[in-house]
Every structure is written in C-alpha cells, then in structure tokens.
Amino acid sequence: MAQQPMLKFTSIPRDMPEKRAAEERRTDFHEIYAEYAAAKAAEQSARCSQCGVPYCQSHCPLHNNIPDWLKLTATGRLQEAYELSQATNTFPEICGRICPQDRLCEGNCVIEQSGHGTVTIGAVEKYITDTAWDKGWVKPISPAQERPESVGIIGAGPGGLAAADVLRRAGVQVTVYDRYDRAGGLMTYGIPGFKLEKDVVMRRNDQLVQGGVTFVLNCNVGEDIGFDEIRAKHDAVLIATGVYQSRDLGGPGAGAEGIVKALDYLTASNRAANFGDSVPEFESGALNAAGKKVVVIGGGDTAMDCVRTAIRQGATSVKCLYRRDRANMPGSQREVQNAEEEGVVFEWLTAPKGFTEADGQVAGVLVQKMRLGQPDATGRQSPEPIEGADYVEEADLVIKALGFEPEDLPKLWGVDGLEVTRWGTVKAEFTTGQTALDGVFAVGDIVRGASLVVWAIRDGRDASQAILDHLNQSAAVAAE
Ligand code: FAD
Ligand code: SF4
Ligand code: SF4
C-alpha cells in the first residue's frame, strides 16, 4: 500500500524557516526569515491533516486552496502547487511574507487546537511562488485577445494592481495613475524591507509593465489631472487610493520639531535604505533615528514597523508607548516579539499628555499612566488615567503612529455623486466595488478603512470581474 504522505503533524513538529539572529538583523533592512530548503517545505506541508472542512481556507480572505497546494508541495509536485496557488492570489509571495497569518489562515488551523502547532501556511506559500519565479514558471501577462475598452485605475497599491492584473489578462487596456514615482503603494513605501524586500514588489510591477499595463506615475489625481478627465478618457474607473490622513496628537508642545508622522518617517527610510534615493529630510536627520532617543506612540503594525526601523537606523534607545496592555494591542504578537528581540522596550498602559521641548525641539513626552477600566459596548476594556502617575520620557525623536483616516475624496476631487460613509470611506458594494457613480468602482483601504494587503487584493480581483461585466454590458448595448 502506498505510504500516506500527509497527516504528519503528530510526528513532525512545526518548524518555521530560520530567523536571523537579532544582533545581525538589527543592522540591516533585509527580511528576517530565510527560505525553506525544498525538503523542509515538503516536510512541513506534510503536517497538514487535509481537513474535510478546512478552516484555514475559509479564514483566508482569498479562500486559497491551501490543503491542496500543501499536498502538492508535500509530494514534490511544486509547479502544480504554484499553478493552484496563483489561481486565487495575485501576489502569493507577498501574502506569504506579510499577511498576519496568526489572525487568518494559520490562526484557524485545526491542528493548532490539538496542541501540535499550526501548519506554516504563509512560509510554504512564499516558498512555492519564490521557487516559481526562480524556475521561470511565472508566465508573462499575455492576453489571448485585445479588447478595445480601457480602464483607468487611480492608485497603484495592491488593490489597484490586483485589478490591473486581472483586467489586462482579459485583454482590457489598463492605465494606472499614481502620485508616487514607483508603483506598489504601501507595499513599496510603507512596509519596511525587513518584512517585504522591495525587489519582490518591483518584480511584480515589472511584470505588469511588460504585460502592457500603462503606468502614469508622479501624477496626483485632483492636482495634475482631474477625476472627471480620467472618467472621460476611460470606459470604467477604479478608485484604489488607500487612506493616508494620519490621526494626530494635541497637548502642550505638540508642534515642537522632532515630532513626526509615522508614514513620513517610514517612507523616508524605505526610499533611503531600500532604493538609495536622496531624501533631504533623512540626510538632515529630521526623519532619521540615528543616535537618538526615540519614542513611538501607538500599538498597531505601523508602530511596530517604526520601532524596528529606528533600531536599524542606530537609535540609542527605542521605546513604544501604548495606552492598553500587551494582550489588548492591535498589532501582531509576532511583530512585538521580533521587536523585543531586537531591543525595543514597550511601555504598556501609557498615553502621551503633551511634550517637553528645548529651543523648539522636542525633549520628552509627558506620559500619563493608564489602567484598564470597564469594558465598553464592544466588550473591549477602555483605558483610563491613573491620577498623579505622570512622568517624562526623554526623547529626541517622537513618531506618531496612531492610525489613518481617509481623505475627503469628493471634496478633494470636486466630484458630485461619489458617496462616502460616515467614516469618510468611499461607499461601494462589498462584492463588486460599485460606487454610486455609473462605471466607477472602488476597492481596498479607501473602502474598508486601514486594512490589509490581502483584503485589497481580494477587493481588486472582485471589482475587476464586476468591471468586466460592466464593459460587456456596455458593449452589448452598443451593439443593439
Ligand atoms: P495603498 O497601498 O495605500 O495604495 C494606494 C495608492 O494610491 C498609493 O500608491 C498612493 O500613492 C495612491 N494615491 C492616493 N491618492 C492618490 C491620488 N490622489 N492620485 C494618485 N494616486 C493616489 N498590511 C498587511 O497585510 N501586512 C502588513 O504587514 C502591513 N503592514 C503595514 C505597515 C504600514 C506602515 C502600513 C501603513 C500599512 C500596513 N499594512 C499591512 C496595510 C496595507 O499596506 C494596506 O492595507 C494596503 O496597502 C491597502 O492597499 P490599497 O491598494 O487600498 O492602498
Ligand atoms: Fe494565509 Fe494570507 Fe496566504 Fe491567505 S493569502 S493563505 S491568509 S498567508
Ligand atoms: Fe491543513 Fe490546518 Fe488547513 Fe486543516 S486547517 S487543512 S490541518 S492547514
């Protein structure tokens, strides 16, 4: 009888790809996990118990066919594993690197519940597609037939690019407009290289260019070109502009020099460290933590990226202030652990009240100690101040990482009829991205609020199907 290749979770322990030692990785911006060797990827995939109802799959926003590609990997049929994996995911190697797997696929892997440790789904997904690139299995985008219609996509983040990929493969003429000089959105300029090396993103941008997608970069819609002008040029428009308005802090001293926004700081670092761009604010030290005492305010993934960037830039100390405790922070626990290993100190249950300054330059954060009070309507315990327990945390650089809000697009672009929700996000149908304007669709963070790359990909793929339907209907009407 043939040997059962799967269900090895009782005999083989969970084993992630090797993580570089903290001492080494804190000095560079390279990814911290190595790649699996082929035998290790097969071994780890073979731990899957091939569940009849795979919760991993239902909790993956793309509903990736995880059990099947694990089995193909375990049995050495890697090219087929790749074909299956890329059928539902536009950027599997990116999701394998940066999805918060502990909250999505792996967090719902049933063998975890029996105490065996989840299948390392993300690391295998990354391995499959990195191997496919190495072996030349990733095919160029080459539509079987060209279509006359064109679609304008505003925003070259994962939402816009996932849609561009599907539409171009269907033969549609696609133009992507972005205000930055490189495509990729937050995958290029937000997320640091130690989570996602930039050649992984640029390789995908190149694939789209080679497949015939036109990029109009350094083009700020609303300033360099009007939204109505884009609408007039194309048969359909997709808005995928993300959310970029940083939540701010008030209090005494809030205007001092040296208090900066997280995304300005991360963008400068990504440009300087990963692309070798000349960034005056980085070179002047305004957006550079080298030799400084750094305080980062916030407890989400952006804050985690800031603290770990500051360590790599050579800060003398890096502290993170968060108003709740470790168990109640929004950021990934895996990232907190990585940050602690690299030397970051977390000050839980602390909130900024204001800032001290010397000659207009920030010198410290006035910290209010907090405790967790009664649960609010959502069941989450609200932080409340402990009177008389303030102190000053010394700082030369303070980075505000308190989350992002959408910009007011209808006002910014002077568009009548583009409806927004009470949170300021663009109102669009969840399954199609259809907005209140005919032929205008919207996806990603500008619809969901700050979310995840994998959700933007899902939205982009879904909306591109709806856009194809729209183009087909318009073509049918024109032919009548
Ligand atoms: P974006 O990626 O924001 O792309 C929008 C694009 O639109 C940008 O390129 C922008 O330049 C362009 N644009 C905006 N306005 C205009 C305009 N008027 N004219 C022309 N172009 C315009 N998610 C994860 O899954 N894992 C992570 O580890 C992770 N880490 C993150 C770290 C940081 C620091 C941040 C800020 C976010 C992180 N996220 C992470 C979230 C993730 O990056 C976003 O959810 C995702 O990028 C949203 O995709 P999007 O396509 O909607 O928008
Ligand atoms: Fe898991 Fe993300 Fe891959 Fe889905 S896309 S299988 S959630 S890593
Ligand atoms: Fe395999 Fe875990 Fe998914 Fe079950 S839940 S199919 S064990 S990866």
Side-chain angles (χ1 to χ4, degrees), residues 6-7 9 45 47-64 66-71 85 88-89 91-92 94-101 103-112 116 118-119 121-126 154-162 176-180 182-192 195-196 216-217 219-225 227 239-244 262-263 266-267 300-306 332 335 401 403-404 407 409 412-413 443-448 450-460:
M6 303 301 285
L7 291 144
F9 63 93
S45 300
R47 296 181 66 243
C48 170
S49 73
Q50 299 286 285
C51 304
V53 181
Y55 288 110
C56 56
Q57 182 170 7
S58 46
H59 284 85
C60 164
L62 294 160
H63 300 311
N64 284 341
I66 300 164
D68 284 1
W69 48 251
L70 287 172
K71 188 169 183 182
S85 152
T88 50
N89 191 351
F91 308 129
I94 294 178
C95 292
R97 283 171 165 84
I98 59 161
C99 269
Q101 285 107 11
R103 283 187 262 147
L104 300 170
C105 52
E106 293 179 18
N108 292 279
C109 174
V110 294
I111 64 172
E112 167 91 323
H116 289 94
T118 93
V119 178
I121 300 168
V124 174
E125 188 179 27
K126 165 181 178 284
I154 309 172
L161 296 185
V176 182
Y177 302 84
D178 201 288
R179 63 183 168 195
Y180 284 145
R182 293 184 178 94
L186 289 172
M187 300 189 298
T188 297
Y189 286 134
I191 299 172
K195 278 165 58 181
L196 176 61
V216 182
L217 299 174
C219 176
N220 193 348
V221 175
E223 272 183 25
D224 301 318
I225 185 170
F227 176 75
I239 302 171
T241 48
V243 289
Y244 282 86
L263 206 50
L266 291 173
T267 305
D301 287 331
T302 302
M304 297 310 104
D305 289 349
C306 290
S332 145
E335 295 303 299
F404 302 96
E407 279 131 349
L409 281 192
L412 215 59
W413 290 350
V443 295
D445 282 3
I446 192 60
V447 175
R448 293 177 178 273
S451 178
L452 293 173
V453 165
V454 66
W455 279 114
I457 296 172
R458 164 74 189 272
D459 288 354

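We use all heavy atoms of the structure for the numbers below, so side chains are in, but hydrogens, waters and symmetry mates are not. Atoms within a ligand are numbered from 1 in the order they appear, just like the ligands themselves.
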Atom of Glu125 closest to atom 3 (Fe) of ligand 2, considering N, O or S atoms: OE1
Hey, does Ser332 sit under 4.0 Å from ligand 1 if you only count heavy atoms? no
Among Leu452, Leu412, Ile446, Thr302, whose heavy atom sits nearest atom 36 (C) of ligand 1? Thr302
Shortest protein heavy-atom distance from atom 26 (N) of ligand 1, along with the residue and atom involved: Ile98 O, 2.8 Å
Backbone or side-chain N or O of Leu263 under 3.5 Å from ligand 1 N or O: no
Return the residue, atom name and 0.1 Å-rounded distance of the protein heavy atom closest to atom 9 (O) of ligand 1. Asp178 OD2, 2.6 Å
Closest non-hydrogen protein atom to atom 2 (O) of ligand 1, residue and atom name please, with distance? Leu186 N, 3.0 Å
To which of Ser451, Ala450, Cys99, Gly444 does the heavy atom nearest atom 41 (C) of ligand 1 belong? Ser451
Between the candidates Pro100, Cys95, Pro158, Cys306, which shows the shortest non-hydrogen contact distance to atom 47 (O) of ligand 1? Pro158
Does some non-hydrogen atom of Gly222 fall short of 4.0 Å from ligand 1? no
At less than 2.8 Å, would any N/O/S atom of Cys99, backbone or side chain, sit next to atom 2 (Fe) of ligand 2? yes
Provide, to 0.1 Å, the distance between atom 3 (Fe) of ligand 3 and the closest protein heavy atom, together with that atom's residue and name. Cys56 SG, 2.3 Å
Return the residue, atom name and 0.1 Å-rounded distance of the protein heavy atom closest to atom 21 (N) of ligand 1. Arg179 N, 3.1 Å
Ligand 2 atoms in contact with Asn64 (distance to a heavy atom under 4.0 Å): 3 (Fe), 4 (Fe), 5 (S), 6 (S)
Quick one: look up the protein heavy atom nearest atom 14 (C) of ligand 1 and list residue, atom name and how far away it is. Thr241 O, 3.1 Å
Protein heavy-atom partner closest to atom 17 (C) of ligand 1 - residue, atom, separation in Å: Asn220 OD1, 3.5 Å
Would Lys195 count as a contact of ligand 1 if the rule is a heavy atom under 4.0 Å away? yes
Look at the rings of Trp413 and Phe227 and say which category their plane angle falls in: under 30° parallel, 30 to 60° tilted, over 60° perpendicular. parallel
For ligand 1, find out whether one of its N or O atoms is nearer than 3.5 Å to an N or O atom of Tyr244. yes
Between Val443 and ligand 1, does any nitrogen or oxygen pair lie at a separation below 3.5 Å? no
Considering only protein heavy atoms, which is closest to atom 7 (O) of ligand 1, and at what distance to one decimal place? Gly155 CA, 3.2 Å
Going by the atom numbers of ligand 2, which of them fall below 4.0 Å from some non-hydrogen atom of Gln101? 8 (S)
Atom 31 (C) of ligand 1 - nearest protein heavy atom and its distance: Ile191 CG1, 3.5 Å
Applying a strict 4.0 Å limit to heavy atoms, is Asp305 in contact with ligand 1? yes
Sub-3.5 Å donor-acceptor pair from the side chain of Glu106 to the main-chain atoms of Ile121, do we have one? yes
